[in-house]
A.B. asks: 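So that we are looking at the same thing, I have put the structure below in structure tokens.
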Amino acid sequence: MGITDVIKKSVLQGFTGGDMSSTEIMVILGITFMIGLYIFFVYKMVSKTALYDKSFHISMTLISVITAGIIVAMQSSIVISLGMVGALSIVRFRTAIKEPMDIAFLFWAIAAGIVLAAGMIGLSVGGSLFIGLVLLVFV
């Protein structure tokens with residue numbers, strides 16, 4: 001067994017092969033949506049901006065669910081994983097984020113989706129509660 005075979009075997013073992021049931025996927029997406037709503041409400045309480053941008057609030061909630069869906073899909077197949085990397089590499093955001101706190105909330109939403117889709121529900125829920133409390137205390 002050569003080094004190429006060892007690398008190929010270790011890469012292919014990292015994919016679950018689609019053995020996640022639809023119930024598990026729906027539970028992950030449901031919990032992710034609830035954490036996204038929590039992020040939404042914390043942002044609404046902490047935000048000091050004069051203009052209320054409803055689309056930013058909604059998109060921040062959905063980013064966590066979309067990210068979780070992408071990560072769940074990427075776990076099932078190396079082909080889907082490579083396709084997602086290619087597709088996501090051409091996406092670029094034209095809107096500049098002016099508030100540093102907005103960037104923190106976007107990263108929080110993305111991280112919550114990634115961690116939940118990776119199966120670490122306790123870390124995602126506990127981390128989100130902790131981050132929310134810290135933001136409420138310090139801001």
Side-chain angles (χ1 to χ4, degrees):
M1 181 179 256
I3 188 77
T4 308
D5 295 330
V6 171
I7 293 172
K8 195 183 304 183
K9 183 179 177 185
S10 67
V11 167
L12 292 176
Q13 282 178 349
F15 293 96
T16 59
D19 59 355
M20 194 178 264
S21 72
S22 58
T23 305
E24 289 174 318
I25 294 171
M26 295 310 290
V27 167
I28 287 172
L29 294 179
I31 294 171
T32 307
F33 181 71
M34 288 188 286
I35 289 179
L37 284 176
Y38 173 70
I39 294 169
F40 171 86
F41 288 119
V42 170
Y43 181 77
K44 199 170 188 178
M45 291 190 300
V46 169
S47 178
K48 302 280 190 228
T49 59
L51 298 173
Y52 175 75
D53 188 8
K54 186 177 182 178
S55 65
F56 180 75
H57 283 86
I58 294 170
S59 65
M60 192 169 41
T61 303
L62 293 177
I63 281 175
S64 56
V65 178
I66 292 167
T67 304
I70 289 171
I71 298 300
V72 167
M74 288 175 66
Q75 288 179 0
S76 65
S77 167
I78 192 166
V79 175
I80 292 174
S81 174
L82 293 173
M84 288 285 194
V85 169
L88 293 175
S89 68
I90 62 171
V91 173
R92 47 178 229 188
F93 299 99
R94 294 187 176 267
T95 305
I97 306 292
K98 294 170 183 64
E99 287 289 322
M101 192 61 76
D102 292 350
I103 295 171
F105 276 93
L106 288 173
F107 277 123
W108 180 15
I110 292 168
I114 291 172
V115 172
L116 265 165
M120 297 179 217
I121 295 171
L123 175 63
S124 183
V125 171
S128 291
L129 289 174
F130 179 73
I131 292 169
L133 290 174
V134 167
L135 284 169
L136 290 173
V137 168
F138 287 116
V139 178

A.B. asks: Atom CD1 in I114, atom OG1 in T67: separation rounded to 0.5 Å?
C.D. replies: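 Separation between the atoms: 6.0 Å.
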A.B. asks: So how far is it from L62 CG to L37 CG, rounded to the nearest 0.5 Å?
C.D. replies: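 L62 atom CG to L37 atom CG measures 9.0 Å (nearest 0.5 Å).
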A.B. asks: Let me confirm one number: the CD1-CD1 distance from I63 to I58, rounded to the nearest 0.5 Å.
C.D. replies: 12.0 Å
A.B. asks: Taking atom CZ as the centre, does F56 end up with more than 12 heavy-atom neighbours from other residues, nucleotides or ligands that are less than 6.0 angstrom away?
C.D. replies: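 Counting neighbours around CZ of F56, more than 12 heavy atoms of other residues, nucleotides or ligands fall under 6.0 Å, so yes.
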A.B. asks: Side-chain heavy atoms under 4.5 angstrom apart, residues restricted to Ile, Leu, Val, Met, Phe, Trp, Tyr: same cluster for L129 and V134?
C.D. replies: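 No, separate clusters.
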A.B. asks: Would you say S64 and I35 make side-chain contact, with heavy atoms under 4.5 Å?
C.D. replies: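 Side chain of S64 against side chain of I35, heavy atoms only: no contact under 4.5 Å found.
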A.B. asks: Is there side-chain contact between M101 and L135, with at least one heavy-atom pair below 4.5 Å?
C.D. replies: yes
A.B. asks: Do any N or O atoms from the side chain of S47 and from the backbone of K44 form a donor-acceptor pair under 3.5 angstrom?
C.D. replies: no
A.B. asks: Check for me, please, whether M60 and L136 land in the same ILVMFWY cluster - side-chain distances under 4.5 Å, paths through other members count.
C.D. replies: yes
A.B. asks: What's the separation between atom CD1 in I131 and atom CZ in F105, rounded to the nearest 0.5 Å?
C.D. replies: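 CZ of F105 is found 9.5 Å from CD1 of I131.
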A.B. asks: With clusters defined by side-chain heavy atoms of hydrophobic residues (ILVMFWY) lying less than 4.5 Å apart, directly or transitively, does I103 cluster with I110?
C.D. replies: yes
A.B. asks: Check whether any side-chain heavy atom of D102 sits under 4.5 Å from a side-chain heavy atom of Y43, and report yes or no.
C.D. replies: yes
A.B. asks: Hey, any chance V115 and I66 share a hydrophobic cluster, counting ILVMFWY side chains that come within less than 4.5 Å of each other, even indirectly?
C.D. replies: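 Different clusters.
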A.B. asks: Could you grab the distance from atom CD1 of I121 to atom CD1 of I28, nearest 0.5 Å is fine?
C.D. replies: 6.0 Å
A.B. asks: Looking only at heavy atoms, which two atoms of G132 and Y38 are closest? And how far apart?
C.D. replies: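 Closest pair (atom of G132, atom of Y38, distance): CA-OH, 3.4 Å.
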A.B. asks: Could you tell me which non-hydrogen atom of S124 sits nearest to which non-hydrogen atom of A112, and how far apart they are?
C.D. replies: OG-O, 3.5 Å
A.B. asks: Linking I/L/V/M/F/W/Y whenever any side-chain heavy atoms sit under 4.5 Å apart, do W108 and M34 land together?
C.D. replies: yes
A.B. asks: With the side chain counted from C-beta on, respond yes when I39 and T61 share a heavy-atom pair under 4.5 Å apart, and no when they do not.
C.D. replies: no
A.B. asks: What is the minimum heavy-atom distance between L29 and G69, and which atoms define it?
C.D. replies: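 Looks like CD2-N, 3.9 Å.
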